[in-house]
Student: 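This is the structure I want to talk about, given as structure tokens.
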Amino acid sequence: MAAPPAMTPTPSTNRARPSLYRWLTAAGMLAALLAWLGGLAWFIHDAMRAPTRPPHVDGIVALTGGQGRIDESLHLLAQGDADRLLISGVDLHATLGDFLRHQARPVPLTLWTHTTLGHSATSTLGNADETAEWVRAYHIRSLVVVTAGYHIRRAMLEISRTVPDVRLYGYPIRSPALRHLLHPATMRLMVTEYDKWLLACLNVARLTRPLHGLINHADTRPGAPPVMG
């Protein structure tokens, strides 16, 4: 008895498979885009929330780089919400007096004696490392992080990795840029910060840090010496 002939795909079946693959690829890309847009909408809404007064903590860290961060952190320290303050990522030539001269007179003695300036940080990762050193030096167990609303999530994530045993509270400062949310520059800022936060969630920045250090040696703080090359 002769064996039955082998089944071979018809030309129409061969044509259908690439079409199905393309459709699934397009559907996957659309789903990823919608998820990204939904996350961006949440991120913008989160960045605009008003800060709430934290409980009393051991320390405050203010990350330089935007309006209101340092003044608000000094205010929190002055009203007794924390015992100590670190201002991280300060200009190389800045002094504590440069910040306190803008405060109402007389300046409380606490601001002079319990404020530390950190001059080594030049990035969010640097802020986290600088904060960790200060936390260990002063035995900080609870910490308020003061930075812009669009930066608060990434900053707290990176700091939590360097001081995992410290209880963190976010104190977001609403950036003046967010007053004009639909301005192209504001939208670029929010998209950039959102993508940076997503990469921080994957810990990409720390994984690629050695390579980044070889490529980019620039110190972006005001007053830093220019890089020759």
Student: Is the shortest distance from a Lys or Arg side-chain nitrogen in D58 or R84 to a carboxylate oxygen in the other one below 4.0 Å?
Tutor: no
Student: When you measure from the side chain of T113 to the backbone N and O of L109, does any donor-acceptor pair fall under 3.5 Å?
Tutor: yes
Student: Which distance, rounded to the nearest 0.5 Å, do you find between the CD of E193 and the CG of L40?
Tutor: 12.0 Å
Student: Any sub-3.5 Å donor-acceptor pair from E130's side-chain atoms to G89's backbone N or O?
Tutor: yes
Student: So which atom in V90 and which in A94 form the shortest heavy-atom distance, rounded to 0.1 Å?
Tutor: CG1-CB, 3.4 Å
Student: Within the side chain of T162, is there an N or O that forms a donor-acceptor pair under 3.5 Å with the backbone of A128?
Tutor: yes
Student: Roughly how far, to the nearest 0.5 Å, is OG of S120 from CG of D129?
Tutor: 8.0 Å
Student: List the atom of S88, the atom of A121, and the distance in Å for their closest heavy-atom pair.
Tutor: OG-CB, 3.7 Å
Student: Would a hydrophobic clustering, with Ile, Leu, Val, Met, Phe, Trp and Tyr connected at side-chain separations under 4.5 Å, put V146 with L100?
Tutor: yes
Student: Test of understanding: clusters of I, L, V, M, F, W, Y form through side-chain heavy atoms closer than 4.5 Å, transitively. Do M48 and V191 belong to the same one?
Tutor: yes
Student: Quick one: CD1 on I60 to NE2 on H114, what's the gap to the nearest 0.5 Å?
Tutor: 12.5 Å
Student: Quick one, E158 with T124, criterion side-chain hydrogen bond (donor to acceptor under 3.5 Å, both in side chains). Give me CA distance, side-chain angles, the key distance, then yes/no.
Tutor: CA-CA 7 Å; E158 297 294 2; T124 303; over 6 Å; no
Student: L96, L76: one ILVMFWY side-chain cluster at the under-4.5 Å cut-off?
Tutor: yes
Student: Which atom pair, heavy atoms only, marks the closest approach of L63 to A155?
Tutor: CD1-CB, 3.5 Å
Student: Linking I/L/V/M/F/W/Y whenever their side-chain heavy atoms sit closer than 4.5 Å, directly or via other members, would L34 and M187 fall into one cluster?
Tutor: no
Student: Measuring from W134:CH2 to I87:CD1, what's the distance to the nearest 0.5 Å?
Tutor: 10.5 Å
Student: Mind running side chain to side chain contact (heavy atoms under 4.5 Å, CB included) on M190 and L178 for me, showing each step along the way?
Tutor: CA-CA 9 Å; M190 299 308 294; L178 298 183; 3.6 Å; yes
Student: May I ask you to check whether D83 and H56 show a side-chain donor-acceptor distance below 3.5 Å?
Tutor: yes
Student: Which atom names give the shortest non-hydrogen contact between S73 and A62, and what distance separates them?
Tutor: OG-CB, 3.4 Å
Student: Would a single hydrophobic cluster contain both M156 and Y194, if residues Ile, Leu, Val, Met, Phe, Trp and Tyr are joined by side-chain heavy-atom contacts under 4.5 Å?
Tutor: no
Student: Compare every heavy atom of R69 with every heavy atom of T64, then report the nearest pair and how far apart it is.
Tutor: O-NH1, 3.2 Å
Student: Could you go through the side chain to side chain contact (heavy atoms under 4.5 Å, CB included) check for N203 and R161 one step at a time?
Tutor: CA-CA 10 Å; N203 212 7; R161 286 170 174 159; 3.2 Å; yes
Student: Hey, could you give me the CG/NE2 distance between L111 and H75, rounded to the nearest 0.5 Å?
Tutor: 11.0 Å
Student: Less than 3.5 Å apart, any donor N or O on the side chain of D195 or W36 sitting next to an acceptor on the other?
Tutor: yes
Student: Counting only heavy atoms not in Q67, do more than 12 fall under 6.0 Å of its CD?
Tutor: no
Student: Out of the candidates L143, V145, V166, only one should pair with T131 under the side-chain contact (heavy atoms from CB on, under 4.5 Å) rule; please name it.
Tutor: L143
Student: Which heavy atom of Y150 sits nearest a heavy atom of F43, and at what distance?
Tutor: O-CZ, 3.2 Å
Student: Is there a side chain to side chain contact (heavy atoms under 4.5 Å, CB included) between T192 and K196? Walk through the geometry before answering.
Tutor: CA-CA 6 Å; T192 299; K196 285 182 177 180; 3.8 Å; yes
Student: Looking only at side chains, do T147 and H151 share a donor and an acceptor under 3.5 Å apart?
Tutor: yes
Student: Among L168, V163, I159, L85, whose side-chain contact (heavy atoms from CB on, under 4.5 Å) with V61 holds?
Tutor: I159
Student: Would you confirm whether T115, through its side chain, and W112, through its main-chain N or O, come within 3.5 Å as a donor-acceptor pair?
Tutor: no
Student: Rounded to the nearest 0.5 Å, how far apart are CH2 of W197 and CG of D46?
Tutor: 8.5 Å
Student: Find out whether V144 and D81 are in side-chain contact, i.e. whether some heavy atom of one side chain is under 4.5 Å from a heavy atom of the other.
Tutor: no
Student: Could you please spell out the steps behind the side chain to side chain contact (heavy atoms under 4.5 Å, CB included) verdict for D71 and Q103?
Tutor: CA-CA 8 Å; D71 287 341; Q103 303 302 306; 3.4 Å; yes
